[in-house]
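Reading through the structure tokens given below for one structure.
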Amino acid sequence: MENFSKAEILQMVEEEDVEFIRLQFTDMFGALKNIAIPSSQLMRAMDNGYMIDASSVEGVLRSREMELYLHPDLSTFTILPWRPQQGKVARFLCDLYQEDGQPYAESPRSILKRAVEKAENMGYTLQMNPECEFFLFHTDDNGMPTTLTHEQAGYLDTSPVDLGENARRDIVLTMEEMGYEIVSSHHEIAPAQHEVDFAFDNLLETADKLMTFKVAVRTIAKRYGLHATFMPKPRVEVNGSGMHLNMRLFKDGKNILERADGQRGLSLEGQAFLAGLLDHIQGMTAVMNPLVNSYKRLVPGFEAPSDVTWSCSQRTALARVQRGRDCRTQVELRSPDAAANPYLVFALCLEAGLDGIVRGCKLPAELTENIRKLSCEEKEAKGIRSLPENLGEALKGMKKDPLVERVLGEKFTRRYIRYKKEEWNCYMEQISEWELKEYLYRV
């Protein structure tokens with residue numbers, strides 16, 4: 001994004017007839033929050049004069065009142081294209097600061113900034129290109145979301161079979177109008193499922209972009225009478241929605257994942273980076289797949305991975321080493337979903353990979369066959385680990401991995417686990433329709 005000055009922003013607000021400004025930030029679980037101010041208060045906002053009662057924000061200590069100041073990142077200023085064209089609405093993404101002028105350490109954006117700064121001090125920069133999937137479903141007569149669709153389109157289908165094509169086109173055009181580069185978009189495998197792919201960018205801008213994208217998708221879908229959901233597995237019989245992460249690691253301007261001889265595969269440093277990701281993946285899964293529903297997607301038989309594997313050729317692997325559209329080597333991590341907080345996911349991926357480089361981690365054997373054809377005994381014999389089967393298991397893995405606590409912070413990690421443990425316990429207390437149908441009559 002552009003590095004706007006305060007004067008340039010004031011001029012744009014006046015010339016574009018902007019009447020309201022949204023000061024946005026992200027809570028622990030990736031929900032976008034904001035306060036809205038009239039444009040007459042813009043200078044006060046840019047001078048960091050607005051604060052929030054953080055004790056009411058998810059993930060912040062609630063035992064006492066805590067006021068945090070909103071520091072707008074001027075480079076994130078943009079006019080929201082879906083708002084009125086007269087009396088327009090703009091927004092900033094903000095960092096959270098304490099009263100003493102120090103960044104709030106447990107803000108997700110601050111956590112990512114720390115990880116990026118640490119990597120830069122080591123000479124590394126990670127770029128990310130997310131592939132974000134979502135469903136477009138009908139709403140009922142009251143405008144409430146359903147999981148219904150009349151569509152029967154499949155992978156890469158076009159209109160008239162693809163009934164969401166117009167909505168998807170408007171989503172792409174809207175993101176481009178806001179200054180974001182979109183590489184491609186298409187219909188995905190399941191009916192009513194879509195994907196939009198971004199260009200590679202640095203981690204902070206990519207995380208900011210994802211937060212903006214999710215709001216844009218939901219807003220534009222509503223215009224078409226549809227409900228957009230990033231829920232990982234809204235329907236039983238079809239593939240779920242993921243957020244595949246394509247990564248390139250740079251040092252001195254060079255993508256160090258690439259082999260010196262130009263052949264397929266990873267450099268030695270790239271191998272260590274990927275080995276670090278795989279080594280920590282079980283501890284990071286509770287953040288990358290944060291919902292009870294996330295684990296309904298990570299099951300055998302569909303497109304999503306369920307085991308800790310890597311490959312240059314097998315699409316069923318958790319991590320794939322491949323050549324991108326521009327013939328540059330990249331690593332694709334296929335387990336995360338878009339319900340995750342991207343700031344936390346990116347920070348963990350970066351630090352896990354760099355930990356692999358620092359420790360000189362070695363990759364396990366490459367997956368060279370379709371893992372769906374391997375029995376549990378065969379996978380065990382090959383030393384293949386599985387991803388956590390549910391949120392409860394993932395939280396146990398998170399507790400065991402010291403890197404997660406080191407990246408997120410002790411207090412943040414402890415509260416995250418506590419909140420998610422409550423969610424898991426609440427789910428375990430529920431009686432599903434499946435259980436009633438299966439057991440009520442027979443037992």
Side-chain angles (χ1 to χ4, degrees), residues 126 128-131 133 155-156 188-189 195 197 200 239-240 242-249 255-285 288-289 295 297-337 348-349 352-357 359-389 393-394 397:
L126 184 64
M128 198 81 78
N129 165 19
E131 301 173 5
E133 297 172 340
Y155 188 57
L156 301 183
E188 258 298 338
I189 293 174
E195 177 178 307
D197 301 340
F200 275 93
N239 288 332
M243 183 178 67
H244 298 180
L245 301 178
N246 297 299
M247 293 175 250
R248 292 175 180 172
L249 185 65
N255 179 13
I256 63 167
L257 300 182
E258 295 180 351
R259 288 176 47 163
D261 58 12
Q263 297 298 307
R264 193 177 188 186
L266 290 170
S267 66
L268 291 177
E269 207 166 8
Q271 292 177 35
F273 179 85
L274 177 54
L277 279 173
L278 298 182
D279 190 45
H280 292 288
I281 192 67
Q282 290 170 312
M284 302 190 298
T285 295
M288 294 182 171
N289 307 99
Y295 300 85
R297 169 180 164 259
L298 300 177
V299 294
F302 293 92
E303 290 289 311
S306 56
D307 299 286
V308 183
T309 57
W310 74 277
S311 178
C312 291
S313 58
Q314 293 296 318
R315 288 182 54 83
T316 54
L318 167 66
R320 293 175 62 205
V321 178
Q322 55 186 349
R323 293 281 190 172
R325 295 179 179 89
D326 54 2
C327 296
R328 301 183 74 174
T329 302
Q330 61 197 41
V331 169
E332 178 190 31
L333 186 65
R334 302 178 59 252
S335 61
D337 62 58
L348 288 170
C349 284
L354 293 183
D355 181 65
I357 291 176
R359 293 192 292 121
C361 290
K362 302 297 182 184
L363 274 175
E366 179 183 359
L367 179 69
T368 57
E369 55 193 316
N370 190 336
I371 198 167
R372 296 171 189 161
K373 296 180 179 180
L374 298 179
S375 66
C376 292
E377 292 76 17
E378 288 172 320
K379 286 192 282 187
E380 186 175 348
K382 291 176 179 288
I384 295 176
R385 297 175 293 143
S386 295
L387 290 172
E389 292 186 352
E393 280 192 15

salt_bridge(Arg248, Glu258) N-O dist < 4.0 Å: no
Can you confirm whether [X] sits close enough to [Y] that some side-chain heavy atom of one is under 4.5 Å from a side-chain heavy atom of the other?
| X | Y | result |
| --- | --- | --- |
| Leu126 | Met247 | yes |
| Asn239 | Glu188 | no |
| Thr316 | Leu367 | yes |
| Glu393 | Tyr295 | no |
| Gln322 | Asn246 | yes |
| His244 | Arg320 | no |

Check [X] against [Y] and note the closest heavy-atom contact, atom names and distance.
| X | Y | value |
| --- | --- | --- |
| Phe273 | Leu257 | CD2-CD2, 4.4 Å |
| Glu378 | Lys373 | OE1-O, 3.8 Å |
| Gln282 | Pro388 | O-CG, 4.1 Å |
| Ala304 | Leu298 | CB-CD2, 4.1 Å |

From [X] atom [atom1] to [Y] atom [atom2], the distance as rounded to the nearest 0.5 Å:
| X | Y | atom1 | atom2 | value |
| --- | --- | --- | --- | --- |
| Arg297 | Asn289 | CZ | CG | 6.5 Å |
| Phe200 | Asn255 | CZ | CG | 8.5 Å |
| Cys349 | Leu249 | SG | CG | 12.0 Å |
| Arg315 | Glu332 | CZ | CD | 7.5 Å |
| Thr309 | Glu366 | OG1 | CD | 10.0 Å |
| Lys379 | Arg385 | NZ | CZ | 13.5 Å |

Side chain to side chain contact (heavy atoms under 4.5 Å, CB included), that's the test. Do Ser313 and Arg264 meet it? Break it down for me. CA-CA 10 Å; Ser313 58; Arg264 193 177 188 186; 4.2 Å; yes
Residue among Leu333, Ile357, Val331, Asp279 satisfying side-chain contact (heavy atoms from CB on, under 4.5 Å) with Leu274: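 Considering Leu333, Ile357, Val331, Asp279, a side-chain contact (heavy atoms from CB on, under 4.5 Å) with Leu274 is found only for Val331.
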Test salt bridge (charged side-chain N to carboxylate O under 4.0 Å, His left out) applied to Glu369 and Lys382, step by step: CA-CA 12 Å; Glu369 55 193 316; Lys382 291 176 179 288; 3.2 Å; yes
